[in-house]
Undergrad: 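My questions all concern the structure below.
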Amino acid sequence: MPPRPVDPRRDLPELEQEVLERWREREVFKRSLAAREGAPQWVFYEGPPTANGRPGSHHVLSRVFKDIYPRYKTMRGYRVDRKGGWDCHGLPVEIGVEEQLGLTSKKEVEEYGIEAFNAKCRESVFTYLQEWDRLTERIGFWIDLDDAYRTLDESYIESVWWALAQIDAKGLLYEGHKVVPYCPRCGTALSSHEVALGYKDVVDPSVYVKLRLVGSDESLLVWTTTPWTLPGNVAVAVGPEIEYAKVRFRGETFMLAAALVERVLGDEAEVVERLSADELLGRRYEGPLFSGSAPAARQGGMPPYSVIAGDFVTTEDGTGLVHIAPAFGEDDFNVAAAAGMIERDDPGSLLNPVRLDGTYDERVGSIDGSRSYKGRFVKDPQLTEELIADLDANGLLLRRSDYEHSYPHCWRCGTPLIYYAKASWYIRTTVVKEAMLAGNETVSWHPAHIKHGRFGEWLKGNVDWALSRERYWGTPLPVWRCGQGHVHVVGSFAELAERSGASLADHHRPFVDDVQFPCPSAGADGQPCGAPMRRVPEVIDVWFDSGAMPFAQHHAPFERQDAFQAHFPADFVCEALDQTRGWFYSLLAVSTLLFDQAPYRNVVCLGLILDAEGQKMSKSKGNTVEPWQVLDEHGADAFRWYFFTSKQPWDGYRFSQEAIGEGVRLFLKQLWSTYFFYVLYANANAPRLEAVEGDLDSSASENGRRPDAFAGDHGAQLDRWALSRTAGTAALIAEKLDEYDATAAGRAIAELVDDLSNWYVRRSRRRFWDGEPAAFATLRECLLLVSKLLAPFCPFIADEIYDNLDGTLGSVHLCDFPVGDALPARDLDLEEAMATARQTVRLGLGARAKAKAKVRQPLAEAVVVADGRERAAIERLSEIVREELNVRRVRFVDAAEELGRYEVKANYRRLGPIFGKDMPLAAEAIAALDPQRVAGVVLSGEGGETLGISVAGREHTLSAEDVILTMSAPEGYSVEREGAHAVALELTIDEDLRQEGQAREIVHAVQNARKNAGLEVEDRISLTLAGDPRLVAAASAHRDYLKGETLTIELALAGAEQAASANGATRGGVAGGGQADGGEAGGGAAPHRETASIDGLTLSIELSRFGA
RNA sequence: GGGCGAUUAGCUCAGUCGGUUAGAGCGCUUCUCUGAUAAGGAAGAGGUCCCUGGUUCGAAUCCAGGAUCGCCCA
């Protein structure tokens, strides 16, 4: 059946809507899965987005990459289930709702009511669900959104609880401390993102404080910009690599870093002794400061008020001795823990005299003990002054000064943040660090450097996972505790119901907070403790939610354990680069903790999208590109194509509408017009083609190997080439997609389409006009193959082409990806020969341009200088070269004969490794040889003669690969050359050639007139030519050619006088152009008239549709 | 401050194992071709391959240091 007609100017976004409709009608996605029932699984995990904001261009990026590989693998025969997912919990959701409700602190949230607040959160999570769904469908991302998992579902939460109970059973869940940026006014810890929002430059007082060593008159000199942290001091840290000095200064003795003596104390200071960090370690000083209570010494740890080691200590500022307050700094906390002064999972071991509201507790008072600082806000400037005065009064202050620095403030209320140790629940991931590293080794990362770089390095520095959040909208931490300090982790809803008797419809806060049950732990007497257990107030870090998705999405192990097992681990996950610390990590950590293996085999990381100026896109800058804008203007295929092919996706994008438009013009439009060309002429020649249809169907079967060539030999080479070229590209694309290199694969398709359009079709046009079946079969086959190769990239246009040219399976997405036997035969010799022939054409066109000889003017001869393989290749395809260059003959000559002389150069690449240091000598020796002789020997191996060089005592026989031959210009001859290959043109134009050139110009003018007259390509015409007798004579001499080219049935030729009278007056036309003089010749009886000017001669054209 | 990446033509990007004239597309100039293509072809202009050292017969490519930009972490 002939294909339906194609609009060459088809609006692609509009076309895509129709294709979408067809997919819906034919249920193509569903059928593509059903067709792979029972096939091997290839597993994809959807990293769940949150639908509380509009989807942006970066979401399109990740979603199209999440689409291309599953589509490809499906076509390769795998079953690729694609379950959607939504991330529903977390602080961003809460903050959105707080803004909506005008709440600014946790206190206000609690006054509003947790139940109502969480209800708002639940609503807001799906605010933009519809837009997400619509976008997902519009961009052609095939994923099952009807059966998507949602982290807020009861089933999901229960699986998360199960996971935590498993982890607890392994003894890996504990309560410890975490130092967090904390806003004492809002009572909230801030995420790093929020902290980054609130940096301000401020001036704080900084103080140098003397800490007297026990039993000595020497003092450690420490420096701090936060005097309020001094009551929390328990140690002083030294840098292990730093050299220290004992100095005399104004009658006192201080210890500080040797490198800082002068900067801190000036030139008055006298260095008494130099000592290493080791000599200071373990020294004790007098404490506490400002505090009535000191922490207890711990078994096996350093006692309080000792000098300990800290890697982070530098000599960039301060004194090289750092005051350590573990409650108020993460480094402080870590070094104190490393020194055994505190225990992470023992909250009692930490000295923290600051309350949650940011005021001191009763333990803090003046140094002499005379008054209390209880209730004072620690960042109050007045308090700071009092503390400093107190130090001074007690002889502990060396100096104070003002220090300007950038300090974080609460982005909501502007209060300076404090770093503050808060109780938090942890997973002891450090225990499985080695297992995670081992798991990472089994993963293929794209790009590869992530594996041992960003991700691997980060894994090596793994610290325990701070799991809990003091928030409201999240999976509740399933930890219950009784008054005796016993802890129980609940692993299922059934267990909770059984223990408590309470059955909840919703296990979120606040409902779950009310559930109590008797403590099951063994008491001191061996009997169950039985004290009432209450749930701890925290919820779980949302990253744990998403990390649990491999099983939680199926509600495993409670339900569908088999589904989980069949889909674990994933073959493929794909997210933005920032997920290395996010989802990529949480998936790996959870899977390692529970199953001791990596949850994915291949990871593709995507980069950031920047605007055209390289600025990060953000709503606040207003430089975002809305996806809908792109989709409406250019369409989904164009959007996808840009992301796939403009660059490697992990490098990030400089994004602009123009860049997408370029892809449309250069690729999609080119493909479309090649397809249009095929359909146009297939329909124009339909009767003729139908006559041989049986042959075509048998030769271009769906997946079977086709015969190498079609009947007829005129162009059989081009056909074989096009098919071979397409087969080679198909193999390359499969290889690249298997390596997750969509960029290289896509670019290869573009090159193929360009070759088909600008070489195959261009050189074969006449065969399509003539209705040659082999040409149609070849182009159809190539286009169908392209549609399959392109299907994962641009699923819309690919499906349209397939549907119109074949359509047997209902969609290209139900086809197999063409590999192996399904591909046409390769002919590598022919591909190479064609490349050489095209180079010859390039040279010949260059020679024409140089001689200002228009291509339309035939020339007598092209002289091609080539030897050996090159010559054989060009000879094989000389007919193509001849036509393309528009010459009567192609003549071959050996290089030595007439057109040029060879130059010979050493091939460094080959000889370098052989001669090494002597390479320059070898190059000289080769340059000294007679190039013609080298060429003769090397190219044709005349008479078994060999050539040798001798360098530094080494003999070497030259082979063809050892030298590079180039042509040198002959005297006074104009040729184009490249390498060992040149083309010269015979420029003499005799009368015969001139007349043929004029005949071609006439044809060209008539073709323009046909177009101006609005005729269809297959319309036959009656034509009358008049004007300059020389042109009429040329037309007469090439009468048959002229009639054939212009589909003229009746041709009338007239003299100049007639032409003038027919037109009234002769108009000067533009060379090669024409001017319409009549109406539409196609429609009415009035003939179309115009005049043209050829070589300065006038031609009058009058034509009408034959039979009209 | 740490980890990772990037830096090649006016712009967007390739560049294989280190090989001697560093490429493509877009844009620009000139010419040309066109019975599918807002296309195509030829020629031209346009380069401190971020910088400095080093390794090597030979470095855009490998090594070290530095600069700038970006991401992540602190």
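Only heavy atoms go into these numbers, but all of them, side chains included; no hydrogens, no water, no symmetry mates. In what follows, chains are A, B, ... by sequence order, proteins preceding strands, each numbered from 1.
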Undergrad: How is W769(A) classified with respect to the nucleic acid when contacts are heavy atoms under 4.0 Å: base, sugar-phosphate, or nothing?
TA: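 Here W769(A) touches the bases of the nucleic acid.
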Undergrad: Who passes side-chain contact (heavy atoms from CB on, under 4.5 Å) against N334(A), sequence neighbours left out?
TA: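 Listed in chain order: E330(A), R344(A).
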Undergrad: Quick one: are the ring centres of F768(A) and Y681(A) less than 6.0 Å apart?
TA: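 Ring centroids of F768(A) and Y681(A) are no less than 6.0 Å from each other.
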Undergrad: Taking only residues two or more places apart in sequence, or in another chain, which ones meet Q657(A) in a side-chain contact (heavy atoms from CB on, under 4.5 Å)?
TA: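 By the side-chain contact (heavy atoms from CB on, under 4.5 Å) rule, Q657(A) matches Q629(A), V630(A), E633(A), H634(A).
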Undergrad: Quick one: list whatever passes ring pair (Phe, Tyr, Trp, His ring centres under 6.0 Å) with Y419(A), sequence neighbours left out.
TA: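 Counting only residues at least two positions away or on another chain, Y419(A) forms no ring pair (Phe, Tyr, Trp, His ring centres under 6.0 Å).
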Undergrad: If you assign L680(A) and G453(A) each to the RNA chain B nucleotide with the nearest heavy atom, which residue ends up on the more 5' nucleotide?
TA: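 Counting from the 5' end, the first nearest nucleotide belongs to G453(A).
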Undergrad: Would you tell me if any nitrogen or oxygen in the side chain of K647(A) comes within less than 4.0 Å of OP1 or OP2 on C13(B)?
TA: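 Yes.
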Undergrad: Can you list the residues that meet the side-chain contact (heavy atoms from CB on, under 4.5 Å) rule with A744(A), with sequence neighbours excluded?
TA: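 Testing A744(A) for side-chain contact (heavy atoms from CB on, under 4.5 Å), a comparison that skips the adjacent residues, returns K736(A), D741(A).
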Undergrad: Pick the closest RNA chain B nucleotide for Y653(A) and for V1003(A) by heavy atoms, then say which residue is nearer the 5' end.
TA: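 The residue closer to the strand's 5' end, by nearest nucleotide, is Y653(A).
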Undergrad: Are the charged groups of E800(A) and R4(A) less than 4.0 angstrom apart, N to O?
TA: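 So E800(A) pairs with R4(A) through a salt bridge.
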Undergrad: By the salt bridge (charged side-chain N to carboxylate O under 4.0 Å, His left out) test, which pairs, at least two apart or in different chains, include something from residues 662-675 of chain A?
TA: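 For residues 662-675 of chain A, and leaving out neighbouring residues, there are no salt bridge (charged side-chain N to carboxylate O under 4.0 Å, His left out) pairs at all.
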Undergrad: To the side chain of D651(A), which of G35(B), A14(B), A36(B) is closest?
TA: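 The nucleotide sitting nearest to the side chain is A14(B).
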Undergrad: Should R909(A) be listed as having a side-chain N or O under 4.0 Å from OP1 or OP2 of G18(B)?
TA: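 Indeed not, no polar side-chain atom of R909(A) lies that close.
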Undergrad: Report yes if a side-chain nitrogen or oxygen of Y678(A) is closer than 4.0 Å to either non-bridging phosphate oxygen (OP1 or OP2) of A36(B); otherwise report no.
TA: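 No, no such contact exists.
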Undergrad: Taking donor-acceptor contacts at under 3.5 Å, does the side chain of S757(A) reach the base of A39(B)?
TA: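 Donor-acceptor pair under 3.5 Å: no.
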Undergrad: Would you please enumerate the stems RNA chain B participates in, each stem being three or more consecutive Watson-Crick or G-U wobble pairs with both distances under 3.5 Å?
TA: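 Paired runs of 3+ in RNA chain B: B:1-7 with B:67-73, B:10-13 with B:23-26, B:28-32 with B:40-44, B:50-54 with B:62-66.
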Undergrad: Suppose we screen for salt bridge (charged side-chain N to carboxylate O under 4.0 Å, His left out). Which residues come up paired with R910(A), at least two apart in sequence or across chains?
TA: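 Here the qualifying residues are D962(A).
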Undergrad: Show each protein N/O and nucleotides 23-32 of chain B N/O combination with a separation under 3.5 Å, one pair to a line.
TA:
from: G25(B); atom 1: O2'; to: E662(A); atom 2: OE2; distance (Å): 3.2

Undergrad: Run the ring pair (Phe, Tyr, Trp, His ring centres under 6.0 Å) test against W465(A) and tell me which residues pass, sequence neighbours left out.
TA: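 Counting only residues at least two positions away or on another chain, W465(A) forms a ring pair (Phe, Tyr, Trp, His ring centres under 6.0 Å) with F544(A), Y585(A).
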Undergrad: To the nearest Å, how far apart are E658(A) CD and G10(B) P?
TA: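 It is 20 Å, rounded to the nearest whole Å.
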Undergrad: How would you list, by chain and number, every residue that makes a side-chain contact (heavy atoms from CB on, under 4.5 Å) with L437(A), sequence neighbours excluded?
TA: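 Expected list: K433(A), E434(A), L459(A), K460(A).
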Undergrad: Write down the distance between CG (L668(A)) and P (U37(B)), rounded to a whole number of angstrom.
TA: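 From L668(A) CG to U37(B) P: 18 Å.
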Undergrad: Can you find a side chain N or O atom of R765(A) that sits less than 4.0 Å from OP1 or OP2 on A36(B)?
TA: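 For R765(A), the contact criterion (side-chain N or O under 4.0 Å from OP1 or OP2 of A36(B)) is met.
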Undergrad: Taking only the side-chain nitrogens and oxygens of R581(A), find out if one of them lies under 4.0 Å from OP1 or OP2 of C72(B).
TA: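 R581(A) to C72(B) OP1/OP2: no side-chain N or O under 4.0 Å.
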Undergrad: Listed by chain and number, what are the ring pair (Phe, Tyr, Trp, His ring centres under 6.0 Å) partners of W672(A), not counting sequence neighbours?
TA: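 With neighbours one apart ignored, the set is Y675(A).
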Undergrad: Which atoms of nucleotides 54-57 of chain B (N or O only) lie under 3.5 Å from a protein N or O atom, and what are those distances?
TA:
from: C57(B); atom 1: N1; to: G916(A); atom 2: O; distance (Å): 3.3

